[in-house]
Structures are given as structure tokens and as C-alpha cells.
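What follows is one structure encoded as C-alpha cells, with my remarks underneath.
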Amino acid sequence: MHLRPLLFLLAAGCRAQDALPLQTGNQWVYQQTSGLGGREAWIVTVGSPQSIGGREYFPLSGYLGRDPLLVRRAGTAVVFYDETERRERPWADFGAAPNERFPSEIDSCNSSAVISAREPVKLAIGEFTEAPVLTYRTTCADAGILEEVFVPGVGLAKRTYSTIAGPRTFELIYARIGGFSVYSQGEHAFHLTLDGYTYRRGAAITARITLRNTTAQPLELVFPSGQDFDIVIRNEAGQQVWRWSDGRAFTLAIRTVSFTGERHWVEGIRLDLPPGNYTAVGSLAIQDRKYESTLAFRIEPAQ
Amino acid sequence: MNRLLLSALSLLSSAAAQDYFPLQVGNQWVYRATGAERRLTLEITGATEMAGHTYFRLTGLGAAYWLRLTEAGTLVALDEAQQSERVWYNFAAASYDTAIPSAGRATVISRAAAFEGPLGRLNNALELGYSGGSLVKEQLLPYIGLAYREEAGVRHELVYARVRGVNVFSSGELSFRLSLDQTVYAAGARLTAHLTFVNTTGQPVRLTFPSTQRYDLSIRDSGGNSVYHWSADKLFAQVVETVDFRGETHWVVDVPLERLRPGAYVIETWVAVPENTRWRALSRFQVAAAP
């Protein structure tokens, strides 16, 4: 089921209403890119839908201080439910003609907005050919949203709002929409992923190690042998009970690698571990082993 | 490299009815193996112009192959020795000879096959059966690519794909990730550490915290000396809280690097449970000398 949003995105093209994909579990992470106040971050999450007056609303937590903000699509528009006044209020109409003004009460300091452009934009997460830009009318001197940029299929990608210290802009640095995700341009990461948290005794564990460097600078790595990675499993007492590299031979030749892009190593592990708590440690087999990722998992008795 | 070309994706709906083998540089497909220890990772590592066509370099199936999708929607491989193109997938035909290694003849079993694998369940897979070689069966998913491959008793199932800059995850994942926005920072720059606790396994991870602190982060220099500790100047309410981690939980930490001298550093982060060795991530970065 996780694939549906991606397939929808890939196959159906960008429709107006996809400017704000509402599926439970969707998440967006933003970071301040300009204005006073450092590099503050905020995170928006879509919760489980709730029914009010026979209509289904998705709660957006972390959005504009209203927590949660109950939103739903109404045709090409997005509206939110004001729980105090017990009525729907307008936010945005992605089907509006260019510069056609529509009411927008998403912030107490905004009264209306227009789609001022559908134009190519370059954002932290990539370049897009047609992103609706909403320009808001503000009713307060130094408060309210000035502009929001939405990317079809992804959601809110950029927001600028007015403060007494000048405009502050936040940009999307990560989004997870259904079973797929998009990252900001520069990411330098190493991690271990398991396919479960609780396993039956004797069940297979799939471990995936990922090294990703999509920053502008190549990663210089020195491997002392032909070994790329290692995985160690420890019991609750911290004792090593299994090591992937045990019993394997590697060429003893120093390799220097200038790495960009993404690399994965996948291993199927089948062990007869007694029930208990364990940790799996994935590491990159470079000289100083300074890339490491540790996860806990549990083994339960076989049925 | 990580350009998200959603506009290109949207064009796909009109360009090709079903793109079963997306050819863009950077696309990657990672498979788990059952039946034998034989890893498989396919990747489009480059593109080149030859004889007026753009070919994409596929690695992972032994040798590297130069592939392209013809105007008729057939995926062909360039045979450099013969200076000709050989059919890999004829998506319009019911049965055809294929040059896919170890394949022989391909026959379409279904264009709406049920697919069930680590990525989830779908009912629109193209299922191909093979005869005349060791390759037995393949399933391809539109806009994602090869999702299942069975050859000589070894089954490969897609667990991760990166297609056109979009990452497709398997439905059940557990990870604690630390990602940095650079590998080398200028002197006085700021570092952004993005911490993500992912649990899409369907099994709740219940953690008990001794305070309202959820994570911590430290930086050590090449001598092992601590030069930064995120929680050192913060106060947390001392209340025991139990949290179920489901889906994704994100934390973003902004670290000023102005006090750090040029050199190599190790950054470590962990979930702030008492057994703080259980969820942990270690990475490294460099601070460059001022120009």
C-alpha cells in the first residue's frame, strides 16, 4: 500500500490538489534559510483522519502553531476547521486563475491570497518546473505569511512570513510522502536498516547498510582491505554473538575511494539466537571505523 | 545529483504508457536474496551519446550494459562488438527472444500480475517467464523497475529503489539515522544534523525516557576530546515518559562550528534512553582551514 502515493505521483502527473498531499504519516521537515533567529527547524506531520459533521479532516501537527490544524480538500481548494468557531475557514485555492484573489484565513494576520506565479523554482530539495506561489495579503504590520511555495505531489516547500525583525524564510529539507521520500540536495549519511524490531527465534533478519553522499564534496575514504562493511550483533550484556566478517577473507590492499552518490549493502542474517534483547551495529570498514549505526531489536520464542 | 525532477515524472504519463525500466542516471535498485548468498544491486551509472541515441549504462548484472528505450517502447542493449542493438524487453510482444544474460526466450505471463514483496502489494506487475537459460521469472513494476528476479534457485526481491531522485522504501523498516548537510565545513560555518527514528515495521518500539530529553549529540576532535555536547546547556523536566515510536520521528540540530579548529571530527548522536548504546549513530566531518 505504501507504493500507491508514489505510483500516483509518477503516473498521474501533478494535479492542483496534490499541492498538499494528505496521507496519514506524511511528514515535512523545514529549516530556516534567511532572516533573524538562526536556523530554527519545524516539523509537520499528518495524523489519522477525524470526522466532523460527516466530513473527513486530516490533522496537521506543527503547522503554524495551531496544533493540530484540521484540513481537508474541497475541490481544488484546501480548507481548515476552526474548532473555536465550529466552522470551516478558507486556506488556499490551487485551482484559482493567476492573480485571482481568494479568501485565506490560515493565519490571523492574513485575509486573502493569490497564486502569483506557477513558475520554475529552485529549492533546497530540487528544481521544479511548475510550483504554485501563493502571495498573501497581510492585515498586521509585522506579522503574517507573505508567501508560500507549494510543489505538486510534495507539499509546502517554502514559506516566508513577516516578523518585527524582518522576513523569515523556511525551506523544506526533507519530506516523506507515503512510501517514498525526498531529501535536500546535500546529504551525508550512513545508516543501518533492519526489516523488523521483533523477530521470532530462527527467523531471517534483513540488514541494509546505506552510505549516501549527495553533497557537493566527495567523501574521501580509506579502506585497509577489500572489506567494505561489517555487522556485529551483541546480546544484552554487550557480548558479541555474531560478526558478519568472521570467517571471511579479504584482500589486504589499502584502497582510497572518493565517494559520491549512494551505495547499499544488503545481508540476510539467519541465526538461532535465544530470546532476548540485542543490538546490531553496522559499520563502514574504513581505517578508523568512524561510520557506525546501532539499532536495538528483540528475539522472541519461536511459535 | 539529487535533483528531484517531478516535472519530468509528470510528463511520463504522456510520454510512455508504462515505463517498466526507468533509465535515468543515478537510479538504483537494491535486492535481497533468498536461496543463496548472492547480493544484487542494479544501478544506472552514466549516459552517453552513440549513433544519435542516448544510451544508459546499467551495472550489477556482471558486465556493464548500455541500454536505451526505442521510440517503439522496446528496451534494447547495444552490442558494441556487432555494432547493433539487441532486444532486452519488448514490452509490446507476447513472446520474443531476449538478449538478457541467461534468459533465452521471454514470454509474458501477465501484464497485471499480483506482486507481493518488501515494498508492498500491487496488482499491476508485468510478469515474464523465461526459457532456454537459467533465468526463470521476472516481475517489473511500472515507473519503479525490476522488482523480482528468479534465477537458478536464487530469488531477488527489491527492498529499496531510488528512481529519478525519489527514494522508495520497503514497507517495514527500522533505523536511526544521522544525516549531515556537508562532509567538509568552512571555518565558522554551522552544521545541520538531521536525526530520524524510522519505525515502519508495524511493531511498536516502546522506549522509556527518564526526562523530557529525547536525544543527545556530541562532537569529538581527532584526539577523542569532547568539543561540543548538545545537552550541556539545556534543562529537561525530570519526568519519566514512555513513548511509542511509529512512523518517522525527526529532530534537527543546528550546531555552530565557530569554536572548532580545522581538522577531522567525529559526531555521535543517540536516543536519550538509559541504555544509550542501543540506538546510536556515528559519523564524521571535517572543518577546513580559513582561506
Side-chain angles (χ1 to χ4, degrees), chain A residues 1-3 6-7 9-14 25 27 29 31 38-39 41 43 125-130 151-153 174 176 179-183 185-198 206 208 213-215 217 219 260-262 264 266 268 279 290-296, chain B residues 1-4 6-7 9-10 12-13 26 28 30-34 39 41 118-122 142-143 159-160 162 165-184 190 192 194 199 201 203 205 247-248 250 252 254 266 277-284:
Chain A
M1 296 309 111
H2 283 268
L3 288 177
L6 172 68
L7 292 175
L9 172 71
L10 296 177
C14 303
Q27 282 185 318
V29 180
Q31 190 173 34
R39 297 210 299 172
I43 294 153
I125 59 163
E127 293 174 30
F128 305 92
T129 54
E130 193 183 297
V151 170
Y174 172 87
R176 186 174 177 113
F180 75 94
S181 69
V182 292
Y183 293 89
Q185 279 185 320
E187 198 200 25
H188 164 209
F190 173 82
H191 57 259
L192 170 70
T193 302
L194 299 181
D195 61 344
Y197 175 56
T198 304
T206 300
R208 189 178 86 235
N213 176 29
T214 52
T215 70
Q217 309 125 331
L219 202 53
T260 52
E262 190 172 294
H264 300 265
V266 181
T279 53
K290 290 297 189 291
Y291 287 98
E292 213 171 82
S293 175
T294 304
L295 297 174
Chain B
M1 189 65 188
N2 194 9
R3 283 168 51 135
L4 182 66
L6 288 180
S7 55
L9 305 186
S10 69
L12 280 171
S13 53
Q28 205 173 67
V30 180
Y31 303 83
R32 74 178 181 196
T34 50
R39 282 177 243 134
T41 298
L119 292 185
R121 264 184 232 150
L122 286 168
Y143 311 108
V159 293
Y160 171 87
R162 184 179 175 88
V166 175
N167 301 278
V168 185
F169 293 95
S170 60
S171 50
E173 290 202 342
L174 180 72
S175 68
F176 177 59
R177 302 173 184 170
L178 164 65
S179 84
L180 307 180
D181 55 344
Q182 301 288 340
T183 58
V184 181
R190 301 181 80 91
T192 297
H194 184 176
N199 176 24
T201 64
Q203 305 154 339
V205 174
E248 287 190 2
H250 298 268
V252 179
D254 176 36
V266 171
T277 54
R278 295 176 63 76
W279 309 94
R280 215 169 179 85
L282 194 76
S283 187
R284 65 175 194 174

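In this text the structure is predicted, and so the values were computed from the model without any measurement. Chain letters run A, B, ... following the sequence lines, proteins first and then strands; every chain starts at 1.
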Do you know which two heavy atoms are closest between [X] and [Y], and how far apart they sit?
{"X": "B:Asp181", "Y": "A:Thr215", "answer": "O-CG2, 3.6 Å"}
{"X": "B:Leu174", "Y": "A:Ala296", "answer": "CD2-O, 3.5 Å"}
{"X": "A:Ala41", "Y": "B:Val252", "answer": "CB-CB, 3.5 Å"}

Proximity breakdown for [X] and chain B, heavy-atom pairs closer than 4.5 Å:
{"X": "A:Thr198", "result": "both"}
{"X": "A:Thr206", "result": "side chain"}
{"X": "A:Glu262", "result": "both"}
{"X": "A:Gln27", "result": "side chain"}
{"X": "A:Ile43", "result": "side chain"}

Between [atom1] of [X] and [atom2] of [Y], what distance do you get to the nearest 0.5 Å?
{"X": "B:Ser179", "Y": "A:His188", "atom1": "OG", "atom2": "NE2", "result": "9.5 Å"}
{"X": "B:Arg278", "Y": "A:Leu295", "atom1": "CZ", "atom2": "CG", "result": "10.5 Å"}
{"X": "B:Gln182", "Y": "A:Asn213", "atom1": "CD", "atom2": "CG", "result": "9.5 Å"}
{"X": "A:Tyr174", "Y": "B:His250", "atom1": "OH", "atom2": "NE2", "result": "4.5 Å"}

Quick check on [X] against chain A: is it the side chain, the backbone, both or neither that has a heavy atom closer than 4.5 Å?
{"X": "B:Val30", "result": "side chain"}
{"X": "B:Val184", "result": "both"}
{"X": "B:Gln28", "result": "side chain"}
{"X": "B:Leu178", "result": "backbone"}

| With B:Gln203 via side-chain hydrogen bond (donor to acceptor under 3.5 Å, both in side chains) - residues at least two apart | none
| said: For B:Phe176 and A:His191: C-alpha separation, side-chain torsions, deciding distance, then whether side-chain contact (heavy atoms from CB on, under 4.5 Å) applies. | reply: CA-CA 7 Å; B:Phe176 177 59; A:His191 57 259; over 6 Å; no
| request: For the pair B:Glu173 and A:Arg208, evaluate side-chain contact (heavy atoms from CB on, under 4.5 Å) and give the outcome as yes or no after the intermediate values. | output: CA-CA 10 Å; B:Glu173 290 202 342; A:Arg208 189 178 86 235; 3.1 Å; yes
| task | List for me each residue that meets ring-ring contact (aromatic ring centres under 6.0 Å, His included) alongside A:His264, sequence neighbours excluded, and say none if there are none. | result | B:Tyr160
| note | If you tally heavy-atom pairs under 4.5 Å between each of B:Thr41, B:Val205, B:Asn199 and chain A, the highest tally belongs to B:Val205
| Does a side chain donor of either B:Thr183 or A:Gln217 reach within less than 3.5 Å of an acceptor in the other side chain? | yes
| Does the side chain of B:Arg280 reach to within under 4.5 Å of the side chain of A:Thr279, using non-hydrogen atoms? | no
